[in-house]
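To start, the structure itself, in structure tokens.
Keep in mind the model is a prediction, meaning the values are calculated, not measured. Proteins get letters first, then strands, A, B, ... in listed order; numbering begins at 1 in each.
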Amino acid sequence: MAYWLVKSEPFKYSWDQFVKDKQTFWDGVRNYQARNNLKAMQKGDEVFFYHSNEGLAIVGIAKVAKEHYQDPTTEDPNWVVVDLKPVKAFKKPVTLAEMKAEPALSNLALIRQGRLSVCPVTEAEWHTIMEMGNMQ
DNA sequence: GCCAACGTTGGC
DNA sequence: GCCAACGTTGGC
């Protein structure tokens with residue numbers, strides 16, 4: 001079991017839309033590092049859903065419903081998607097500012113490499129963030 | 001809307 | 001294979 005974090009701009013695809021859809025394929029990844037992370041995801045892995053640009057917070061938890069497959073929005077075999085489904089929303093979203101202020105999260109990939117749209121989260125980081133969001 | 005960070009591209 | 005130029009992302 002591994003943990004991940006994906007980003008979405010709420011304009012483009014918000015958590016609310018995700019919940020309404022019940023399931024979605026995570027497309028639009030056009031970065032090799034992010035793509036490699038997508039490929040490493042396994043069914044059942046848990047994923048933080050982060051709102052970039054607006055909100056700047058982790059707003060919910062998703063689960064990998066289907067492992068990577070060819071991105072249906074392109075012919076290019078370089079790119080893949082995974083299926084995600086919503087698990088639950090944070091009662092209290094954990095903001096980027098809070099995560100930056102938390103010493104236990106100083107190595108968080110999201111903070112170290114802000115532009116990476118799909119990044120790994122360690123188990124310790126996962127639990128820290130869960131506590132910060134009152135999700136324990 | 002600006003700017004910093006970073007990835008990608010292309011000329012040499 | 002290096003490096004400058006350029007484009008994109010995302011925080012502020």
Fill in: C/dC12 OP1/OP2 closer than 4.0 Å to side-chain N/O of A/Lys100
yes
- Would you say C/dG10 has OP1 or OP2 under 4.0 Å from some side-chain N or O of A/Lys7? yes
Worksheet item: Going through the distances and angles, do A/Lys92 and A/Glu98 end up as a salt bridge (Lys or Arg N to Asp or Glu O under 4.0 Å)?
Response: CA-CA 12 Å; A/Lys92 181 178 93 66; A/Glu98 286 170 326; 3.2 Å; yes
For the pair made of [atom1] in [X] and [atom2] in [N], what is the distance, rounded to whole Å?
X       : N      : atom1 : atom2 : result
A/Tyr32 : B/dT8  : OH    : P     : 7 Å
A/Glu9  : C/dT8  : CD    : C1'   : 11 Å
A/Phe11 : C/dG11 : CZ    : P     : 12 Å
A/His51 : C/dG10 : NE2   : P     : 13 Å
A/Tyr50 : C/dT9  : OH    : P     : 15 Å
A/Met99 : C/dC12 : CE    : P     : 11 Å
A/Asn31 : B/dT9  : CG    : P     : 11 Å

4.5 Å side-chain heavy-atom contact, A/Met132 and A/Glu102:
yes
Quiz item: Would you call A/Thr24 and A/Trp26 a side-chain contact if the rule is heavy atoms closer than 4.5 Å?
Solution: yes
Report task. Please lay out, stage by stage, how A/Trp4 and A/Asn37 fare under the test side chain to side chain donor-acceptor pair (under 3.5 Å). Result -> CA-CA 8 Å; A/Trp4 307 95; A/Asn37 289 332; over 6 Å; no
Under a 4.0 Å heavy-atom criterion, the protein footprint on nucleotides 1-6 of chain B, written with B, S and -, is ----BB
Is the terminal nitrogen or CZ of A/Lys66 (NZ for Lys, CZ for Arg) located under 6.0 angstrom from the six-membered ring centre of A/Tyr69 and within 45° of that ring's axis? yes
Q. Under 3.5 Å, is there a donor-acceptor pair between the side chain of A/Asn31 and the main chain of A/Ala34?
A. yes
(Q) Has A/Lys91 got a side-chain atom pairing as donor or acceptor with A/Asn134's backbone, closer than 3.5 angstrom? (A) yes
Across all chains, not counting sequence neighbours, the salt bridge (Lys or Arg N to Asp or Glu O under 4.0 Å) partners of A/Arg30 are A/Asp71
Rounded to the nearest 0.5 Å, the CD atom of A/Glu46 sits from the CH2 atom of A/Trp126 at a distance of 4.5 Å
Note, DNA chain C 5' to 3' with Watson-Crick or G-U pairs under 3.5 Å encoded as ( ), [ ], | and . gives ||||||||||||
- Task: Answer with base, sugar-phosphate or nothing: what part of the nucleic acid does A/Leu56 contact at a heavy-atom distance below 4.0 Å?
- Result: sugar-phosphate
